[in-house]
Amino acid sequence: MEIRKTTEADLPQVMATFDAARAFMRAHGNKTQWPKGNPSEDKVRADIARGNSYVCVEDNAVVGTFAFIAGPDATYAHIEDGAWNFDAPYHVIHRVASNGKTHGVAKACFEFCQQHADALRIDTHEDNIPMQNAIRKYGFARAGVIYVSDGTPRIAFDWQKEH
């Protein structure tokens, strides 16, 4: 699986990937999921313009997407029911989505990010058990609960490279 920066030409496939991810989440019991239109095309375009949006590609098709952003991230300024496991500069992984058919998207995303940063933070919905399992599988530790801009809670995780 190839990972590369997203281009504007990828936008239709990226947005279709978010739609597929929503369908996967519904089918796997995730009651609190991204609403239709979230993330918006404008948000993804902004990620692309800043160089923060990536796609996972197989056979010339986008099969996954994620945002990889240098912190700090205001969303992570306040944490409840725990604490961050380290206090070091970090990158954030946001908006991870797969087409729901291709295996290995989370693995490719996390390995890419772990190769390009010494510390990472990520969050997900409480009932997104498949994502929580993937996050833990790649060495992230639960840190606590954060709240995103619309006020909804997310379970937050972090990871730090061993030196």
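Here the structure is a predicted model, which is why all the values come from computation and not from measurement. Both backbone and side-chain heavy atoms feed into the values below; hydrogens, waters and symmetry mates do not.
Just one of Ile122, Val96, Leu120, Ile3 meets the side chain to side chain contact (heavy atoms under 4.5 Å, CB included) condition when paired with Cys113; it is Leu120.
For Met15 against Pro39, the heavy-atom pair with the smallest separation is CE-O, 3.3 Å. Here the closest heavy-atom approach between residue Gln160 and residue Ala88 is recorded as NE2-CB, 3.8 Å. Counting all heavy atoms, side chain and backbone alike, Pro89 lies closest to Ala119 at O-CB, 3.4 Å. A pairwise comparison of heavy atoms in Gly64 and Thr17 identifies CA-CG2, 4.0 Å as the closest pair. The minimum heavy-atom distance linking Val62 with Val55 is given by the pair CG1-CG1, 3.9 Å. Here the closest non-hydrogen pair linking Val145 and Pro153 is CG1-CB, 3.8 Å.
Annotation: side chain of Val44 is in contact with side chain of Phe18 (closest heavy-atom distance under 4.5 Å). Side-chain atoms of Tyr76 and Asp123, non-hydrogen and from C-beta on, do get closer than 4.5 Å to each other. Taking the side chain as every heavy atom from C-beta outward, Ile93 and Phe140 approach each other to under 4.5 Å. You'll find the side chain of Lys137 stays beyond 4.5 Å of the side chain of Phe110, heavy atoms only. Met1 places a side-chain heavy atom less than 4.5 Å from the side chain of Thr102. With a 4.5 Å cut-off on side-chain heavy atoms, Arg45 and Leu11 count as touching. Looking at heavy atoms from C-beta onward, Glu2 lies out of side-chain contact with Glu58 at the 4.5 angstrom threshold. In this structure, the side chains of Arg4 and Asp10 come closer than 4.5 Å at one or more pairs of heavy atoms.
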Mind running side chain to side chain contact (heavy atoms under 4.5 Å, CB included) on His94 and Ile69 for me, showing each step along the way? CA-CA 8 Å; His94 281 313; Ile69 306 166; 4.1 Å; yes
Would you please test Tyr90 and Trp84 for ring-ring contact (aromatic ring centres under 6.0 Å, His included) and show each step? CA-CA 11 Å; Tyr90 61 89; Trp84 295 111; 7.0 Å; no
So Asp73 and Thr75, side chain to side chain donor-acceptor pair (under 3.5 Å) or not? Walk me through it. CA-CA 5 Å; Asp73 184 314; Thr75 305; 3.0 Å; yes
Assess whether side chain to side chain contact (heavy atoms under 4.5 Å, CB included) is satisfied between Ile135 and Thr124, documenting all intermediate values. CA-CA 9 Å; Ile135 290 168; Thr124 192; 4.1 Å; yes
Test side chain to side chain contact (heavy atoms under 4.5 Å, CB included) on Ile129 and Met131 and set out the steps. CA-CA 5 Å; Ile129 303 304; Met131 180 55 86; over 6 Å; no
Apply side chain to side chain contact (heavy atoms under 4.5 Å, CB included) to the pair Gln114 and Lys161, showing each step before the final yes or no. CA-CA 7 Å; Gln114 288 174 338; Lys161 189 177 288 184; 5.8 Å; no
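Within a 6.0 Å radius of CZ in Arg136, more than 12 heavy atoms belonging to other residues, nucleotides or ligands are found. Around atom CG of Asp150, more than 12 heavy atoms belonging to other residues, nucleotides or ligands sit under 6.0 Å away.
With 3.5 Å as the limit, one finds no donor-acceptor pair spanning the side chains of Tyr138 and Glu111.
Here the straight-line distance linking atom OG1 of Thr152 with atom CD1 of Ile146 works out to 8.0 Å at 0.5 Å rounding.
Relative orientation of the Phe66 and Tyr54 rings is parallel, given thresholds of 30° and 60° on the angle between their planes.
Panel note: side chain Asn133, backbone Pro130; no donor-acceptor pair is recorded below 3.5 Å. Proximity of a side-chain donor or acceptor of Thr6 to a complementary backbone N or O of Ser53 within less than 3.5 Å is detected. The closest donor-acceptor contact from the side chain of Gln132 to the backbone of His125 lies under 3.5 Å. With hydrogens and angles ignored, the 3.5 Å screen pairs no side-chain donor or acceptor of Asp158 with any backbone N or O of Arg121. Listed for the Asn99 side chain is a donor-acceptor partner under 3.5 Å among the backbone atoms of Lys101.
Transitive grouping of hydrophobic side chains (ILVMFWY, heavy atoms separated by less than 4.5 Å) keeps Ile155 and Val148 in distinct clusters. If you chain together hydrophobic residues whose side chains sit under 4.5 Å apart, Ile48 and Val14 fall into the same group.
Cation-pi geometry between Arg95 and Phe68 is not satisfied (NZ or CZ under 6.0 Å from the ring centre, within 45° of the ring normal). Taking the ring axis of Phe157 as reference, the NZ or CZ atom of Arg142 does not stay both within 45° of it and closer than 6.0 Å to the ring centre.
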